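Below is one structure, written out as structure tokens, with a few remarks after it.
Just so you know, ligand 1 is whichever comes first in the structure, and atom 1 is the first atom listed for that ligand. Since we're looking at a predicted model, the values are computed, not measured.
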Amino acid sequence: MGRRAFLAVVGLGGLGLALGSRIARPLEAVLPGQGWRIYAINPPWPHFDPATWRLEVTGAVEHPLSLTWDEFQALPNHRQTTTFHCVTGWTVDDVRWQGPTLQTLWDAAKPTKQAKFANFVSYERPYVDTLTMEQTTLPNVILAHSMDDAPLSRAHGGPVRLVIPQMYGYKNVKWLRRIELVPTLEPGFWEQNGYDVDAWVGRSNGY
Ligand SMILES: Nc1nc2c(c(=O)[nH]1)N[C@H]1C(S)=C(S)[C@@H](COP(=O)(O)O)O[C@H]1N2
Ligand SMILES: [Mo]
């Protein structure tokens, strides 16, 4: 099913019933200037409280992590300038991102042999998406807390979102809450609605 058809279904409330959740319709807002569109499946956008926020790494790891905001900010930063592509056709060039690589987290959490996939779970339920463990350590795959030299805004998934420039926007999970390492593939939110699991820019979803 195409995105347009899916959004129509959501607009009619079918998905909300199917999932038993509060989903009514996705929110899309266009910010002036840069070509970004702001997506959310279940508004209102999650609120960030630095006192209670955690980033968890769970599942097939020797050392589960539950990082506070201070601990997360203390991780080594990777800086990059990369292009962001949504599968629906819009692109934002030269986005400056900063944040730790996934390898930094794996060094601390120590994935076990059972860890084959990483599920990135959003504070915005039920948004989730997945990468293979190999994909998590591709160049410029980071957990971004800064965009264009400012703290990542709430609209763009602040305080922390996944950034994987090699893949379409839907893999770049906003309002990240937990990373769960698992042995088998569990398709993400948009994949359950017809999008490719491997979202390589230029090679997936019929492009
Ligand atoms: N939690 C969450 N993450 C999400 C989405 C969403 O609806 N909810 N949409 C995805 C899609 S399809 C795209 S193109 C990008 C858009 O990023 P932006 O809202 O910062 O422009 O976020 C991705 N991450
Ligand atoms: Mo997207």
Side-chain angles (χ1 to χ4, degrees), residues 1-11 15-16 19 21-48 53 55-56 80 82-99 118-131 135 141-148 150-180 186-207:
M1 171 157 59
R3 174 92 45 121
R4 191 172 290 272
F6 174 69
L7 296 188
V9 170
V10 173
L15 186 76
L19 294 175
S21 78
R22 296 185 294 117
I23 291 179
R25 59 176 62 237
L27 183 138
E28 176 175 321
V30 180
L31 293 191
Q34 304 158 295
W36 284 106
R37 309 209 178 172
I38 301 301
Y39 287 143
I41 57 159
N42 194 8
W45 302 332
H47 278 279
F48 170 45
W53 181 90
L55 179 70
E56 296 179 316
Q80 68 198 54
T82 48
T83 298
F84 192 94
H85 302 270
C86 174
V87 68
T88 60
W90 54 269
T91 286
V92 181
D93 290 322
D94 300 330
V95 189
R96 294 188 302 282
W97 303 104
Q98 283 182 56
N119 294 339
F120 295 84
V121 181
S122 178
Y123 273 98
E124 184 197 33
R125 299 171 67 173
Y127 204 96
V128 61
D129 216 316
T130 184
L131 296 177
Q135 291 164 353
V141 177
I142 63 168
L143 302 182
H145 55 67
S146 164
M147 187 184 117
D148 293 334
L152 184 66
S153 67
R154 185 176 167 206
H156 284 297
V160 176
R161 83 181 299 166
L162 176 64
V163 171
I164 174 163
Q166 296 88 340
M167 292 197 183
Y168 287 118
Y170 64 91
K171 302 301 267 193
N172 295 238
V173 176
K174 309 203 292 184
W175 305 295
L176 188 64
R177 172 192 203 132
R178 188 170 75 248
I179 308 172
E180 201 177 26
E186 298 169 17
F189 180 83
W190 283 113
E191 284 109 89
Q192 291 168 35
N193 292 286
Y195 281 79
D196 291 348
V197 170
D198 284 331
W200 303 112
V201 170
R203 286 197 267 146
S204 305
N205 296 289
Y207 285 85

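- Checked by distance only, ligand 1 and Glu124 come closer than 3.5 Å through their nitrogen or oxygen atoms.
- In this structure, Phe189 has no heavy atom closer than 4.0 Å to ligand 1.
- With ligand atoms numbered from 1 in the order given, ligand 1 contributes 18 (P), 19 (O), 21 (O) to contacts under 4.0 Å with heavy atoms of Arg37.
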Practice problem: Evaluate the criterion side-chain contact (heavy atoms from CB on, under 4.5 Å) for residue pair Thr130 and Lys171; output intermediate values, then yes/no. | Solution: CA-CA 7 Å; Thr130 184; Lys171 302 301 267 193; 4.2 Å; yes
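- When side chains are defined from C-beta on, Leu131 counts as touching Met167, because their heavy atoms get closer than 4.5 Å.
- Smallest separation of non-hydrogen atoms from Thr83 and Asp94: OG1-N, 3.8 Å.
- Atoms of ligand 1 lying under 4.0 Å from any heavy atom of Ala40, numbered from 1 in the order shown and given with element: 7 (O).
- Below 3.5 Å of separation, one finds an N or O of His156 facing an N or O of ligand 1.
- Residues forming a side chain to side chain donor-acceptor pair (under 3.5 Å) with Gln166 (at least two apart in sequence, or on another chain): none.
- Here the side chain of Glu180 pairs no donor or acceptor atom with the backbone of Val121 at under 3.5 angstrom.
- The side-chain heavy atoms of Trp190 and Val87, taken from C-beta on, include no pair separated by under 4.5 Å.
- Against a heavy-atom cut-off of under 4.0 Å, Ser122 is close to the following atoms of ligand 1: 1 (N).
- Asp196 pairs by the side chain to side chain donor-acceptor pair (under 3.5 Å) definition with nothing, not counting sequence neighbours.
- A donor atom on one side chain and an acceptor atom on the other are found under 3.5 Å apart for Asn205 and Tyr170.
- Of the polar atoms of Arg161, at least one N or O is found under 3.5 Å from an N or O of ligand 1, judged by distance alone.
- Of the options Trp36, Trp45, Tyr170, Tyr39, the smallest heavy-atom separation from atom 16 (C) of ligand 1 is shown by Tyr39.
- Below 4.0 Å from some heavy atom of Ile41 lie the following atoms of ligand 1, by number and element: 7 (O).
- Note: Trp97 and Phe84 have tilted aromatic rings, judged against thresholds of 30 and 60 degrees for the angle between ring planes.
- Counting the atoms of ligand 1 from 1 in the order shown, those under 4.0 Å from a heavy atom of Cys86 are 14 (S).
- Contacts between Tyr195 and ligand 1, counted as non-hydrogen atom pairs separated by less than 4.0 Å, are absent for every part of the residue.
- Between Val87, Asn172, Val121, it is Asn172 that holds the heavy atom closest to atom 24 (N) of ligand 1.
- Per-residue contacts place Phe84 under 4.0 angstrom from the following atoms of ligand 1 (heavy atoms of the residue considered): 15 (C), 17 (O).
- Proximity to Trp90 (heavy-atom distance under 4.0 Å) selects the following atoms of ligand 1: 14 (S), 21 (O).
- Across Pro46 and Arg154, no two heavy atoms sit closer than the pair O-NE, 3.2 Å.
- For ligand 1, the atoms sitting less than 4.0 Å from at least one non-hydrogen atom of Ile38 are 19 (O), numbered in the order shown with element in parentheses.
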